[in-house]
2 protein chains.
Amino acid sequence: MSRTEKISWLMPIVIALVALSIPAIMRGQQSESKPPLSSWKDGQAKTAILEFVRQVTDKSGPKYVKPEERVAAFDDDGTLWTEYPRHINQIQMVFSRQRVRQLAGNHKDWKYTQPFKAILEDDDKALAVALQDFWNKLDLLRETNGGMTVDEFGAVVRNFLATSKHPKYKVPFTQVAYPPMVELLAFLRANDFKVYIVTGGGADFIRELSEGVFGVARENVIGSTPEYEYKETSEGGYLVRKSNVDVLNENAAKAENLQLHVGRRPILVAGNTDGDLAMMGFAAGGKNPYLNLLIRHDDSEREFAYDDNTVKAVEYARTRGWTTVSMKNDFKTVFSFREE
Amino acid sequence: MSRTEKISWLMPIVIALVALSIPAIMRGQQSESKPPLSSWKDGQAKTAILEFVRQVTDKSGPKYVKPEERVAAFDDDGTLWTEYPRHINQIQMVFSRQRVRQLAGNHKDWKYTQPFKAILEDDDKALAVALQDFWNKLDLLRETNGGMTVDEFGAVVRNFLATSKHPKYKVPFTQVAYPPMVELLAFLRANDFKVYIVTGGGADFIRELSEGVFGVARENVIGSTPEYEYKETSEGGYLVRKSNVDVLNENAAKAENLQLHVGRRPILVAGNTDGDLAMMGFAAGGKNPYLNLLIRHDDSEREFAYDDNTVKAVEYARTRGWTTVSMKNDFKTVFSFREE
């Protein structure tokens, strides 16, 4: 064959290869040279995740789940990023403490009332005690997150995110996510999962960072919300965040609100406390295969080792065969802002 | 040039053409030979929609809206499909009437209590009067849609959809949608809009048909819901639909629940009554360009001509420059099950 003949003979193959590669290029997948979950250490948790995703996406296998039913639900605080100790380092607590200091001028009574008194006096011990009272927690939320329009609240949160740093790590809050979990979210989306954040925190608060930090769109954030009130002028309408909490998205409410928002059971749930067990049980009760991941904070060197509100969760994981993720043994990296 | 030389010279162009066409094929768009909105008559409404979509998708234009902000909210009953007269032909009313007849054996008191008495006696006039009382309406919903698990309710609704016919048109309910509106939903999705159904009807009810009839995924249905209660056995958890209505998704609640579920203002809203005005006002109050569509039932020949609950809506459309859609003048087809 002549050179040109050889080229023209090869052309159909070249065309086929180019054509086949285009969809992958469109989906932005061809440039990933790293294998999936490369920020996870090899071990039982990584294997369980990879195997589960392989099975539910294998069209010819017995555990195949149609893409529309691939719903994944992730708790955020303590699951996707650091929160310990809650009354000092949890993001919305840092926000609320800042708001109390900013608003104190208009609330002379806060000097004498918990939990505001403890915050104004920077008394972390007293604050921890005060917040054990559910109503104090609710008061703090109402006073610092309510009583303004949805648009105003969004602006206040964006300003906080742009100017504040994590009390311990001294980096912006947008940098205290766990890379292995962020990678897991992206891996699931690449396998046609619909990924939701299901948080006890405020939905409108988390929505201001969910896309940027976790790649999760605003509408995929399910969280606590105040009562909204629609108001209108002839120019158009707007929503006010009233001072009462309408939805407290914790425990059983996390399963109930998955139904309210998604109308499907999740097939993958990740959480770190007993507060996430209802979501996990909801996944376990369905007809589809499921994977429940319990994140364990057992790394005192790279983060913290603690066991708050996990007695039932640890017991369930053990007796029901749910998957435990040890931050110490399963995470290659805990934070991206430092070398490890 | 020799023949083979000519072919090999052409090959890069062929490759480029094939490559360029692949993404379109993947998106299933190349086979559409019809121009968009071909089931609409030419006129002011069709022009307004085409022009709006052109502007918000024109990246170099002043009215460009990023895809993630392209939220469209559609009422369903009377907007996407026929519902008149409500107490006789509206789908969930037909369902509820059937349920009352099925369950009457266990409710001897229904013979003496409205609205059940009117339903059991097939007295449409008395039913219309009884349902003017809000509490009767709520009683009917509670008794016929509550008190079972979410899974059980889904099965009951699917059975109803598979076996029931529209009282007037004698076709399955899945066929009484308006083709121009179904086409509009698909046109918006093809232009990267996120399309939501925002219904006063039950979310879990509409979710059983939203994908099949309207191409709208379950999670994009926002509607009325009972209180859910999470329950659990060692096998896993499930949700019960309790007998009280938790969310009644009408009027202001439609705007408030868009915030709860989506966390964004819509930029396109379609409705047919005053009950949809809050959604429209919410769109109008935002910073983005918006389009509000008021569907008018003015076609006594092909459907019905009626004006229930529209005084304020008509006034708003006129004074605020919102777009009126006349079913008589703007719809080429009203129903797909008959020749027109």
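The analysis underlying the following values was restricted to heavy atoms, covering all of them including side chains, and did not include hydrogens, waters or symmetry mates. The chains referred to below are lettered A, B, ... by the order of the sequence lines, with proteins before strands, and numbering in each begins at 1.
Annotation: salt bridge (charged side-chain N to carboxylate O under 4.0 Å, His left out) contacts of A/R142 (sequence neighbours excluded): A/D139. For A/E68, there are no salt bridge (charged side-chain N to carboxylate O under 4.0 Å, His left out) partners two or more places apart in sequence or in a different chain.
Neither the backbone nor the side chain of A/Y290 has a heavy atom closer than 4.5 Å to any heavy atom of chain B. With a 4.5 angstrom heavy-atom cutoff, B/T233 touches chain A only via backbone atoms. For B/R207, the part lying near chain A is the side chain, with the backbone staying farther off; criterion is any non-hydrogen pair under 4.5 Å. When heavy atoms are compared at a cutoff of 4.5 Å, B/V150 approaches chain A solely by way of its side chain, counted from C-beta outward. Heavy atoms closer than 4.5 Å to chain A are found nowhere in B/I222, neither backbone nor side chain. B/K194 touches chain A through its side chain: at least one heavy atom from C-beta onward sits under 4.5 Å away, while N, CA, C and O do not. Heavy atoms of B/D246 lying under 4.5 Å from chain A are absent altogether.
Of the residues considered (B/E229, B/M280, B/E232, B/R264), B/R264 shows the highest number of contacts with chain A, using heavy-atom pairs under 4.5 Å. Ranked by heavy-atom pairs shorter than 4.5 Å toward chain A, the options B/A255, B/A284, B/A278 are led by B/A278. Across B/S234, B/A252, B/A253, the residue that shares the most heavy-atom pairs under 4.5 angstrom with chain A is B/S234. The greatest number of non-hydrogen atom pairs below 4.5 Å with chain A, out of B/G237, B/G223, B/G285, B/G286, is found for B/G237. Contacts with chain B were tallied for A/R218, A/E211, A/M279; A/R218 has the most, counting heavy-atom pairs under 4.5 Å.
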Worksheet entry | A/L258/B/L239 under side-chain contact (heavy atoms from CB on, under 4.5 Å): CA gap, chis, key distance, verdict | CA-CA 10 Å; A/L258 271 166; B/L239 289 174; over 6 Å; no
Practice prompt. Apply salt bridge (Lys or Arg N to Asp or Glu O under 4.0 Å) to B/D151 and A/K287, showing your working.
Written response: CA-CA 11 Å; B/D151 295 331; A/K287 284 175 190 155; over 6 Å; no
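Between B/D204 and A/Q259 there is a side-chain heavy-atom pair separated by less than 4.5 Å. No side-chain heavy atom of A/Y230 sits under 4.5 Å from any side-chain heavy atom of B/K254. For the pair B/E219/A/Y196, a side-chain contact is recorded, criterion being any heavy-atom separation below 4.5 Å from C-beta on.
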